[in-house]
Amino acid sequence: MSRHSVLSESVISPQLEAQSIELERILSVKGSQPKLVGANGEKITIPEPIYQVLLQVVHAMASGKAISIIPQQQELTTQQAAEFLNVSRPYLIKLLEQGEIPHIKVGSHRRVRFDDLMNYKQQRDVKRDQLLTELTQMSQEAGFYE
């Protein structure tokens with residue numbers, strides 16, 4: 001994997017979803033110690049932190065959701081960052097230029113650290129939730145909800 005690549009499964013086929021459901025069932029058995037078995041038959045117990053990540057990935061895929069795995073210190077291109085936030089690249093660049101999201105320049109290209117992107121996304125989501133709560137409250141007070 002190159003320094004700037006992102007591992008992503010963007011389309012979950014029905015077959016992969018079915019296999020993920022079965023894998024999730026097996027991984028969810030309580031009291032068992034999950035193990036990996038190599039091609040040569042060698043077994044190794046999966047460490048708990050890795051097991052928890054694996055379980056989250058399998059659960060998402062079993063639910064038909066796409067997943068992305070990005071190292072925390074990963075630097076993303078503006079296109080990758082825009083896709084992650086589900087916004088246009090010009091809008092992302094506007095956010096960068098306004099100082100909403102920290103970035104660095106590598107030559108003439110901007111790079112965004114994944115953790116900075118996640119911080120922005122979390123703050124944006126909190127603001128969005130607050131505004132939706134306020135809007136719902138105002139609508140209830142105006143009698144639009146019964």
Side-chain angles (χ1 to χ4, degrees), residues 1-37 44-146:
M1 185 176 346
S2 74
R3 195 179 99 123
H4 295 292
S5 66
V6 175
L7 175 60
S8 179
E9 180 62 46
S10 58
V11 179
I12 306 294
S13 69
Q15 180 182 6
L16 182 57
E17 188 174 334
Q19 291 170 333
S20 298
I21 290 168
E22 179 63 13
L23 183 55
E24 181 180 31
R25 184 190 65 73
I26 292 168
L27 289 172
S28 297
V29 173
K30 300 291 182 211
S32 64
Q33 284 192 319
K35 293 181 174 45
L36 285 178
V37 180
I44 183 169
T45 300
I46 301 173
E48 186 63 24
I50 295 173
Y51 170 74
Q52 290 302 321
V53 170
L54 178 62
L55 192 55
Q56 288 177 29
V57 168
V58 169
H59 176 72
M61 292 178 77
S63 301
K65 297 177 183 171
I67 56 109
S68 295
I69 300 173
I70 304 171
Q72 288 293 315
Q73 296 299 317
Q74 179 80 31
E75 291 175 357
L76 304 177
T77 65
T78 53
Q79 185 62 48
Q80 290 170 324
E83 288 172 4
F84 179 79
L85 291 178
N86 199 26
V87 300
S88 69
R89 185 175 170 276
Y91 180 74
L92 176 82
I93 289 173
K94 180 180 167 186
L95 292 173
L96 298 178
E97 290 173 351
Q98 291 174 343
E100 295 287 326
I101 304 171
H103 68 285
I104 59 170
K105 277 203 155 189
V106 179
S108 62
H109 301 281
R110 295 175 186 90
R111 296 289 184 261
V112 182
R113 287 187 45 221
F114 179 71
D115 12 356
D116 290 334
L117 205 57
M118 281 301 297
N119 288 337
Y120 171 80
K121 184 179 183 308
Q122 289 170 347
Q123 290 171 359
R124 179 191 71 180
D125 292 347
V126 167
K127 285 180 190 174
R128 185 180 289 164
D129 288 346
Q130 289 172 342
L131 290 172
L132 284 172
T133 300
E134 289 174 23
L135 182 61
T136 302
Q137 226 172 17
M138 288 171 33
S139 296
Q140 287 174 342
E141 290 169 2
F144 293 125
Y145 287 105
E146 293 179 11

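Owing to the predicted nature of the structure, the values given are computational and were not obtained by experimental measurement.
- For K127, the NZ atom is loosely surrounded, since the number of other residues' heavy atoms within 6.0 Å does not exceed 12.
- The closest side-chain heavy-atom distance from I26 to E22 is below 4.5 Å.
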Q.
Assess the residue pair K94 and E97 against the criterion (salt bridge (charged side-chain N to carboxylate O under 4.0 Å, His left out)); give the C-alpha distance rounded to whole Å, side-chain angles, the decisive distance to 0.1 Å, and a yes or no.
A. CA-CA 5 Å; K94 180 180 167 186; E97 290 173 351; over 6 Å; no
Q: Assess whether side-chain contact (heavy atoms from CB on, under 4.5 Å) is satisfied between H109 and T77, documenting all intermediate values.
A: CA-CA 8 Å; H109 301 281; T77 65; over 6 Å; no
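- With values rounded to the nearest 0.5 angstrom, K121 atom NZ is found 5.5 Å from R124 atom CZ.
- Taking every heavy atom of both residues into account, S20 and M61 meet most closely at OG-CB, 3.6 Å.
- Rounded to the nearest 0.5 Å, atoms CD (Q74) and CZ (R111) are 10.0 Å apart.
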Q) When you look at Y51 and L27, which way does the side-chain contact (heavy atoms from CB on, under 4.5 Å) test go after all the steps? A) CA-CA 9 Å; Y51 170 74; L27 289 172; 3.9 Å; yes
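- A side-chain N or O of Q79 and one of E83 form a donor-acceptor pair less than 3.5 Å apart.
- Minimum heavy-atom separation, I46 to I50: CG2-CG2, 3.8 Å.
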Q) Run the side-chain contact (heavy atoms from CB on, under 4.5 Å) check on Y120 and L95 step by step: do they pass? A) CA-CA 10 Å; Y120 171 80; L95 292 173; 3.5 Å; yes
Q: Go through the steps to decide whether Q130 and E134 satisfy the test side-chain hydrogen bond (donor to acceptor under 3.5 Å, both in side chains), and finish with yes or no.
A: CA-CA 6 Å; Q130 289 172 342; E134 289 174 23; over 6 Å; no
Q: Take Q52 and E48 through the test side-chain hydrogen bond (donor to acceptor under 3.5 Å, both in side chains) and record every step on the way to the result.
A: CA-CA 6 Å; Q52 290 302 321; E48 186 63 24; 2.5 Å; yes
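- Residue N86 qualifies as open at atom CG: its count of foreign heavy atoms under 6.0 Å is 12 or below.
- Across all non-hydrogen atoms, the minimal contact from D116 to P102 is OD2-CB, 3.7 Å.
- Here the CD-CG distance, from Q137 to L132, works out to 12.0 Å after rounding to the nearest 0.5 Å.
- To the nearest 0.5 Å, the span separating CD1 on I93 from CD on Q98 amounts to 12.5 Å.
- In this structure, Y91 places its OH atom where only 12 or fewer heavy-atom neighbours from other residues, nucleotides or ligands lie under 6.0 Å away.
- The line from CG of L54 to NE2 of H59 is 13.0 Å long, rounded to the nearest 0.5 Å.
- From R113, atom CZ reaches atom CD of E75 across 8.0 Å, with rounding to the nearest 0.5 Å.
- Within a 6.0 Å radius of CD1 in I44, no more than 12 heavy atoms belonging to other residues, nucleotides or ligands are found.
- Nearest heavy atom pair, residue L92 against residue T78, reads CD2-O, 3.1 Å.
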